[in-house]
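Here's the structure we're looking at; comments come further down.
Reminder, nothing fancy here: chain letters follow the sequence lines and each chain counts from 1.
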Protein chains: 2
Amino acid sequence: MISEKNVQRLILYRKILIGLQQEGLQGIHSHTLGKYADSSPAQVRRDLMAIGYSGTPVHGYKVHELVSSISEFLNNPLPQKTCIIGLGNLGRAILDYCHQRNDNIPIMYAFEKDKAKVGKVIHGCKCISVADLEDVIEKEGIELAIITIPAMDAQFIAERLVNSGIRGILNYSPVELRLPDSIYVENRDMLLALEKVAYFSR
Amino acid sequence: MISEKNVQRLILYRKILIGLQQEGLQGIHSHTLGKYADSSPAQVRRDLMAIGYSGTPVHGYKVHELVSSISEFLNNPLPQKTCIIGLGNLGRAILDYCHQRNDNIPIMYAFEKDKAKVGKVIHGCKCISVADLEDVIEKEGIELAIITIPAMDAQFIAERLVNSGIRGILNYSPVELRLPDSIYVENRDMLLALEKVAYFSR
DNA sequence: TAGATTGTTAATCGATTAACAATC
DNA sequence: TAGATTGTTAATCGATTAACAATC
């Protein structure tokens, strides 16, 4: 019933709606939301119907309730604890940006090789030695991981993560990870993104 | 004939093939390539047929020729000059990773507010004041831009970029840019990516 | 020749679009 | 009531899958 694309658009809608809400907007039409999200009005309506939320003729959708409905659909009953592997430039940028933007997905620990960083707290996130990776993940019940380490180490670390109980990985390293199908992996190779822009910009 | 997904997969195939090539692999079957790229063998064959490249029964595809064929299809006749806006943690991470990985998309200039950084050369990329943005982009014929600045400034900068002649934007700021349809924008909000992983990991 | 893989075609599936009825 | 927007349904479109013929 709900497709992967559906979910992706719902995530985007929520982001846009929260932004508009902060500007004081109370109601919105499928037409307007679609414009911001690059979807057709019909698409927006279908997506919202899919999660059981309806608008009213003439007045459209109530922003506040819509955000609640989408969150109810997207959010896990319990927060999904997250960790990040690697605190280089990219790791710090992600921490900086994601820190407490979504309480349902708290980034709780950062694992690092560099002993100079271990023990510090960066953006409310404890920096721990990679040697303790398995222990901490199992003990704390961490479910998600963000990988920002060099290509060379990524596969090995990913396998250790999976063996410790990680269920989903956001992979910023330029490697296609070979992991069991039960693990959800989202790859975000930055060069591929740029190549895509290069192709479609012409 | 060629869909957006087609292109995206071709970009991924090339990346995988270049990796395998460096390990010494000469030939590959659609089955194997599909495994690495999370596509079906039939999908791989269709994608490659779409760009006019055929394999041979029994032996499959020649890696070297395949990389050439894909590159021929993806690459612009002339390199597409690229700039990056913002040299915070994220900007430096991207520069570090993308620097000279694809000569056809050289990142030539970085624009920065911070005067302490202006004038320096980071990863072979000159750091220039944002005040000179229009001049440099027009004079050098820069086509693509990567945005890594805070949400607040992104829309304004994006409009300046477009007015200077930028055709495609890779947007890492957490803002949906409102730009003419002729401009190709690829959004890479890192929080949305994490939310997607959170949803699909369960 | 037998086997493995490829390209080709037809059938299926799903998602999007278009037209319409329903509602405040 | 008239107008604007919504939900619903049928029609279209495209992409994927499955079965088969072709090739070295």
Between P on D/dC24 and OH on B/Y61, what's the gap in Å once rounded to a whole number? 14 Å
Nucleotide D/dA15, atom C1' - distance to CD of B/Q43 in whole Å: 8 Å
Measure from the side chain of A/M49, starting at C-beta and using heavy atoms only, and say which of D/dT8, C/dT16, C/dT6 lies closest. D/dT8
Electrostatic pair B/R178:B/E159 at N-O distance under 4.0 angstrom: no
D/dT5 P sits how many Å from A/R45 CZ, rounded? 10 Å
Rounded to whole Å, NE2 of A/H59 lies from P of D/dT6 at a distance of 12 Å
With no hydrogens and no angle check, do the side chains of A/K196 and B/Q8 hold a donor and an acceptor under 3.5 Å apart? yes
What's the closest nucleotide to the side chain of A/R9 if the choices are C/dT16, C/dT6, C/dT17? C/dT16
State, with a plain yes or no, whether a side-chain heavy atom of A/R14 is found less than 4.5 Å away from one of B/E195. yes
Using the rule side chain to side chain contact (heavy atoms under 4.5 Å, CB included), only one of A/I85, A/L90, A/L87, A/N89 pairs with A/T148; which is it? A/L90
If pairing requires Watson-Crick or G-U wobble contacts with both distances under 3.5 Å, which nucleotide is the partner of D/dT17? C/dA10
For C/dT16, does OP1 or OP2 lie under 4.0 Å from any side-chain N or O of A/R46? yes
Measure from the side-chain N and O atoms of B/S69 to the backbone N and O of B/E65, and report whether any donor-acceptor pair falls under 3.5 Å. yes
Below the 4.0 Å mark, does D/dT17 have OP1 or OP2 next to a side-chain nitrogen or oxygen of B/S40? yes
What is the distance, rounded to the nearest whole Å, between atom NE2 of B/H29 and atom C1' of D/dT23? 13 Å
For the pair made of CG in B/L48 and C1' in C/dT6, what is the distance, rounded to whole Å? 12 Å
Grab the NZ-C1' distance between A/K5 and C/dG14 for me, whole Å please. 10 Å
Closest to the B/S30 side chain, choosing from C/dA4, C/dT16, C/dT6: C/dT6
State the pairing partner of C/dT5; accept Watson-Crick or G-U wobble contacts with both distances under 3.5 Å, and report none otherwise. D/dA22
Take the protein atom CD1 of A/I28 and the nucleotide atom P of D/dT5, then report the distance between them rounded to whole Å. 13 Å
